[in-house]
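Note: hydrogens, waters and symmetry copies are ignored here, and every other heavy atom, side chains too, is used. Chain A is the first sequence line, chain B the second, and so forth, proteins listed ahead of strands; every chain is numbered from 1.
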Amino acid sequence: MFEPLPAKFSFPESEQRVLEFWKKHDVFARSLDLRRDGPRFVFYEGPPTANGMPHPGHCLTRAIKDLFPRYKTMRGHLVERKAGWDTHGLPVEVEVCKELGIHSKEEIEEFGVEEFVKRCTESVFRYTREWEEMTDRLGFWINLDEAYVTFHQSYVESVWWGLKTLFERDLLYQGHKVVWWWAQGGTALSAGEVGEGYRTVEDPSVYIRFPLVRDAERASRANEEPRASARPVQGNESAAAPGEPRGLKSAAPHEQLDPSKPVSLLVWTTTPWTLVSNHFAAVHPLLDYALVHDKTGDEYFYIATDLVEPIAEKVKHEFEVVSTCRGEDLLGVRYVPPFDVYYGYRRSRSRVYVLPTPNLEPLYLALGFDPDARACDAKAPLKSSGRDYIGWRVVPAEFVTLDTGTGIVHQAPAYGEVDFELLQEERERFIEDHALPLLNAVNPDGTFDASAPAQYRGRWVKDCDKEIMRELRDRGIMFHQESVKHEYPFCPRSEDDPLIQYARKSWFVRTSKFKEEFLKNNDGIYWLPEHIKEGRFGDFLRNNVDWALSRERYWGTPLPIWGCEKTGKMEAIGSYKELLAKPGIQGTAVWEEAKKADPDLPEHLKVHKPYIDAITYDSPFDTGEEPRASARADLGSETVTADEEPRGLKSAAHRPRMRRVPEVIDCWWDAGSMPFAQWGFPHVEGSVETFAQRFPCDFISEAIDQTRGWFYGLLAISTLLFSTKAEQDGSQSRSWSTDITHSPTKSRYPMPYKTCIVLGHVMGEDGLKMSKRTKNFKEPDYIFDHLGADAMRWYFFSAQTPWTSVRFQENAIRDSQREFLVRLYNVFSFFNIYANIDGFDPGTEGPVSTQSVGPVSNRSTATGYKPVPQRSQIDRWITSELHRTIKFVREALDRFENYPAAGRLNEFVDALSNWYVRRSRDRFWRPLEGSVGVPPASDTGYKPVPQDQDKWDAYNTLHEVLMTLSKLIAPFTPFFAETMYQNLVRGQGVEGARGQGEGEDSLCPISVHLCDYPESDEALIDETLAREMDLVRQVVSTGRAARTSAKLKVRQPLARVEIILAWKEYESRLQAHTGLIAEELNVKNVEFTHEADHYVHYQIKPNFKVLGPKFGKLAPKVGSALNKLDDPAAARKTLLADGELALTVGDQTVTLTKDDVDIRLEAKEGWSASQGRVGVVVVSTELTPKLREEGLMRELIHHVQGLRKQRDLAYEARVTLYVTGPGDFLDIVRRFTDTITSECLAERIEFAAPPGGDVLAVKIERHEVKLTIQPV
RNA sequence: GGGCUCGUAGCUCAGUUGGUUAGAGCGCAUCCCUGAUAAGGAUGAAGUCAUAGGUUCGAAUCCUAUCGGGCCCA
């Protein structure tokens, strides 16, 4: 007995019961236990952040992450799944700021870092419950109880270990980076965040004069060597001879002019505030530049030659080109910038001088090379010998274009990435890096600092634009001013704050040194889709730049570097324990007191700001040597610096202390460290071994935006720490990694993951990005409650390849559910109903095999069991289809291709429902021999009799198929699979399932998820039968079309169909199935006709695939000649008889063979015929009286069945049928009494008016008939 | 602005190495069937394969450019 299914089956409700069942029996844990000795399949969970509600996109990721581990588990692997939470980063801080109603870093400091950080820990777990519920409800099996958490002490210390290793290998260093800076928030934003915040705004667009310094030195040289002739064209090499300032050798056109004439570079900018910090003017060395005479203002300008006309037109001035030159001729030309603050700066002569701002320190230091000069005249020594000016001269740059501006670009390296790179290039020419200062008149909070002109100090730079422009106009520097609309980024979290590009000191990891290793590693990764490997990801690796690691924020893994306050020398710390073991440790009390004051404070916070910052220790670097001033700034000192009086002297009485640098690190680094940090490697006991067993990983999957996030982080960090190159680098930490990389069982590449499925994004109902504002998507919970988790999962798996973006549409999910799950449910329910009616027993004495169905399966105790090969054709056919499907699905899943696998399952269920069950229905309905309709319960001692064998074959086959299917779909739709399994195999609904261990043995696990994945049995696959059945289905489909066109209902039996096949060999395939075709088409006879010219036209079509290569240019002509054949039927005969056909094409004759052409059939008009791919089917429309009578009988049965349904009678209920009507009709009914009573489960037919009750009056053809049924 | 990717029926998507007649499902319309009923079947309408060039005997497919969407980076 199978637990009867409810009248109204609800997927969501049944899923709830399955969830309870899993929980009650701890099925996930048992599925792991079961495979304890199996080979590992390593899965890494990319940690989500739980500070927001989970949305449909997260469901997709989690569905895919569940599918393959479930599959691998059923294939015998041990697939541990450790969850993780990403808890650090700016988004968390911003979320907390929002709650607190604060904004800037100052406000955070004011609020208190201690409390702030505590709030962050609370914020990141705000939605943990929702996340856990979603995870659970979706059926994503993952160990949430032992999740790794990136802010936990053991995790942080693991990350520290990695960073220390890199620091000691000189792979972690400090440098500058120009970032998109949110000044009000005091932080850099990630590219993604910047991308979100672009808006169209109107900004000033100004053309500015940079008057030239009429350099006497240069001019005299120019006179000696007027216009040097041919020069090499390569930018940098060209201009400067060794030891000479660049450009000095060449002569620029203006040097021929009268020195009293005003000559300027004309530059363009949209950010006037950056002019204060101007350092260079850049030209493209290979572009043409013109010296123009502006007749309107009687002055001279340099601009790019191609822009002379557009600019003249724009400003409505009359320009005259005096002469032209290459950009490289201008290199080294000096100019006067708009502001004097740096240009005119002079190093103080006084012994003690306090700089007004730390931003001046670089300039102050740079002037050390030429202490007596004003900055504009200062020179510093070059590597090549000689000296060059430290600024305010023309430099070469490849990035200069003619798209906008003047072809001469104002350079303020502190506020532009390319500007900054250019500064670095210039620096390369000098012996000392700091010979060229980074000029920066802006504080990190976006206000002008004390080095800026007095009227702008302390004000937000963008607010000063207008006044700066007015000043420049007043001073005659402004040449032209307008405004321009363009895209400019704003802070996406605080929409009124424009971002600025701003150079910050930052810590970098030298990833670029490992580019080759990355690529080698990438080479072995199996990417889906494939193009990621060489495309997006490969490109990213090839263009690798050093990882900017540090963040000037509060909530993140603290950078574990302590520096000597005196010497600036630094060292890295690998763990908290290591830190506490340092000599002269101080500051631990801060944490202890905080903990005492608030015992609930998470212990993990002690490795975080601000507590960790309080810990200092004695410097090991106090060797008495002089400090380097530049080193002092590395400790984040913003304090005033005095000449020759280093800050350290203040504490000279004490031993110098080691203090932590202030930064925290990029949270992507946290996530990328998870392969080892999730185990607390190497500090936690046993973690080295644990890690070694679980590295590298077999499978990860996240959405495409993780390419440069987690995917890169994982690969980069693992390669840096554990690759061959890492070993060669050598370090004291090497012993850790050798354990991993020397393990003979692990291949060195790829690491840290072997397969990566890159998912597309989930879109809203309208195909656009999901948006909380427009609410263009349904919440996951809504789908769970209305359609169920399986429906959502199936939609994700089956609707498209996982890497295309998918619309989250309720209707689409419902449709895919209907197509697969509902259809499958119908079959399942059909089986359930009739198996119970007939008392089919799947075999209770021996357990059902967990292995796939096959001749060896332990099912011999099932009612009427017979091995598959001895069963009927259709049973063998569906079993064969099942095993072909198993094979296909396994192969697809082994390649991590869920989409084709799901598609194949869908096709199988369609074949099962629309062919097997439909074709086999009457086998299930037929009464058991001698039962007189009363089904024998299995306990009445019923013994199968031979007459019933076909019925039991059908039950066995369908049961085997459904049972196997439940396992096959288990990784995809785990809930419904469980429901089916419990019902079919365990013989009950999940809620009634036997308790743990009870009635269970190795062959009958209590859950489908503890079963092995079905194996395909080649012996049961019959490819020939599959092809035949395919052909039959096509013929039947064609035949039905023919009936439709003749307007003959399928109920009406017909005398015969004729099948005309395009190819003779099809006939032999169909011969064995004529009975089936006859039944399906409700005809008495099936005939094959070969020469049927009266039914069909023949067409001889060119087969270009063969003709093309054979005839080349003649092929189209041969083709059209074939299409224009006068008598294709005759040509066909010739071809069939002789094997070849001569054809005249133009003036030549060609010979065609059978392979050169395609013969097609087309039904002639006037026949009830229809054509399909295989041929033409013609139905005979002639109705004999006998056929007509049969049709009437079927019509009658149809109405009776309608009545049964209308009365809601049980399927097996017996009735008495009352019929009245015309005598001739009743005669027919009498003749068919046997058929009617059997089909309608009628005990007898009364030809009398019924004794009351509902009477159905119908018209059957021309007969008025009254019908009534009464249950017996 | 650069890189990657996609653009095929009203919608969602297939379309293998180029082969002349571009498919499926859903939806729609008409009809049928109904003892699986949240079903099932048949037929039909619907496509300048984003656009423009090129290569080729032949292009949805290969090449180039353009337009549009997405993602990543500037």
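- Base contact: A:Arg921 has a heavy atom under 4.0 Å from a base atom.
- Side-chain contact between A:Ile874 and A:Tyr916 is present, with heavy atoms from C-beta onward closer than 4.5 Å.
- One P atom belongs to B:rG3, the other to B:rU64, and the distance between them is 12 Å to the nearest Å.
- Spacing between atom OH of A:Tyr955 and atom P of B:rA36 amounts to 12 Å, rounded to whole angstrom units.
- The C1' atoms of B:rU43 and B:rA36 are separated by 24 Å, rounded to the nearest whole Å.
- Here A:Tyr712 and A:Phe540 bring their ring centres to under 6.0 angstrom of each other.
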Protein-nucleotides 13-16 of chain B N/O pairs closer than 3.5 Å?
residue: B:rC13; atom: O2'; partner: A:Tyr899; partner atom: OH; Å: 3.3

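- A donor-acceptor contact shorter than 3.5 Å links the side chain of A:Asn836 to the backbone of A:Phe2.
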Test side-chain contact (heavy atoms from CB on, under 4.5 Å) applied to A:Tyr795 and A:Glu810, step by step:
CA-CA 10 Å; A:Tyr795 174 67; A:Glu810 184 184 358; over 6 Å; no

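- The interatomic distance linking A:Arg814 (CZ) with B:rA39 (P) rounds to 11 Å, in whole Å.
- If you find the closest nucleotide of RNA chain B to A:Ile704 and to A:Val827, the one lying nearer the 5' end belongs to A:Val827.
- Taking atom P on both B:rC63 and B:rC26, the two are 35 Å apart, rounded to the nearest angstrom.
- Side-chain N or O atoms of A:Gln817 include one that pairs as donor or acceptor with a backbone N or O of A:Leu787 at under 3.5 Å.
- Contacts of A:Ser829 with the nucleic acid, taken as non-hydrogen atoms under 4.0 Å apart, involve only primed sugar atoms and P, OP1 or OP2.
- Side-chain N or O atoms of A:Ser701 include none that pairs as donor or acceptor with a backbone N or O of A:Val758 at under 3.5 Å.
- Interatomic distance, A:Met792 CE to A:Thr973 OG1, rounded to the nearest 0.5 Å: 14.0 Å.
- Counting to the nearest Å, the P atom of B:rC73 and the CH2 atom of A:Trp547 are 13 Å from each other.
- Put simply, A:Asn826 has no side-chain N or O that comes within less than 4.0 Å of OP1 or OP2 on B:rG40.
- Going from the C1' atom of B:rA46 to that of B:rU55 covers 33 Å, rounded to whole Å.
- A gap of 14 Å separates the C1' atoms of B:rA59 and B:rG15, to the nearest Å.
- Side-chain atoms of A:Ser10 come within 3.5 Å of backbone N or O of A:Glu13 as a donor-acceptor pair.
- Between the C1' atom of B:rC73 and the OH atom of A:Tyr712 lies a distance of 14 Å, rounded to the nearest Å.
- A gap of 8 Å separates the C1' atoms of B:rA45 and B:rA29, to the nearest Å.
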Could you pull out the protein-nucleic contacts involving nucleotides 26-31 of chain B (nitrogen or oxygen on both sides, under 3.5 Å)?
residue: B:rC26; atom: O2'; partner: A:Asp815; partner atom: OD2; Å: 2.8

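- In this structure, A:Phe820 places its CZ atom 17 Å from C1' of B:rA36, rounding to the nearest Å.
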Cut-off 3.5 Å, no hydrogens considered: what does the side-chain donor-acceptor table look like for residues 822-832 of chain A, sequence neighbours left out?
residue: A:Arg823; atom: NH1; partner: A:Asp910; partner atom: OD1; Å: 2.8
residue: A:Asn826; atom: ND2; partner: A:Val822; partner atom: O; Å: 3.4
residue: A:Asn832; atom: OD1; partner: A:Leu5; partner atom: N; Å: 3.4
residue: A:Asn832; atom: ND2; partner: A:Glu3; partner atom: O; Å: 3.0
residue: A:Asn832; atom: ND2; partner: A:Asn983; partner atom: OD1; Å: 3.2

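- B:rC28 and B:rG70 have their C1' atoms separated by 30 Å, with the value rounded to a whole Å.
- Put simply, CH2 on A:Trp915 and OG on A:Ser920 are 10.0 Å apart, with the number rounded to the nearest 0.5 Å.
- If you take CZ of A:Phe11 and C1' of B:rA39, they are 12 Å apart, rounded to a whole angstrom.
- Proximity of the aromatic rings of A:Tyr834 and A:Phe924 is defined here by a centroid distance below 6.0 angstrom, and this criterion is not met.
- Summarising the geometry, the separation between CG on A:Asn914 and P on B:rG25 is reported as 11 Å, rounded to the nearest angstrom.
- Mapped onto RNA chain B by nearest heavy atom, A:Ser10 and A:Ile1197 fall at different nucleotides, with A:Ile1197 at the one closer to the 5' end.
- Rounded to an integer number of Å, the gap from A:Gln501 CD to B:rA74 P is 9 Å.
- Considering all non-hydrogen atoms of both residues, A:Phe796 and A:Pro56 come closest at CZ-O, 3.9 Å.
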Could you go over nucleotides 2-5 of chain B and give all protein N or O partners under 3.5 Å, atom names and distances?
residue: B:rG3; atom: O2'; partner: A:Asp539; partner atom: OD2; Å: 2.8
residue: B:rG3; atom: N2; partner: A:Arg536; partner atom: NH2; Å: 3.2
residue: B:rC4; atom: O2; partner: A:Arg536; partner atom: NH2; Å: 3.0

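- Under the 3.5 Å distance criterion, the side-chain polar atoms of A:Ser798 are matched with a main-chain donor or acceptor of A:Trp794.
- Helical stems in RNA chain B, defined as runs of 3 or more consecutive Watson-Crick or G-U wobble pairs with both donor-acceptor distances under 3.5 Å, are listed by first residue as B:1-7 with B:67-73, B:10-13 with B:23-26, B:28-32 with B:40-44, B:50-54 with B:62-66.
- Comparing the same atom, C1', in B:rG47 and in B:rG10 gives a spacing of 12 Å after rounding to whole Å.
- A:Arg895 and A:Leu528 make their closest contact through O-CD2, 3.7 Å (heavy atoms, listed as atom of the first residue, atom of the second, distance).
- Using a 4.0 Å heavy-atom cutoff across all strands shown, A:Val418 reaches no nucleic acid atom at all.
- Although no hydrogens or angles enter the test, the distance criterion places a donor-acceptor pair under 3.5 Å between the side chain of A:Asp666 and the main chain of A:Trp668.
- By the salt bridge (charged side-chain N to carboxylate O under 4.0 Å, His left out) test, A:Asp546 pairs with no residue at all, sequence neighbours left out.
- Within 3.5 Å, no donor on the side chain of A:Ser913 pairs with an acceptor on the base of B:rA39, nor the reverse.
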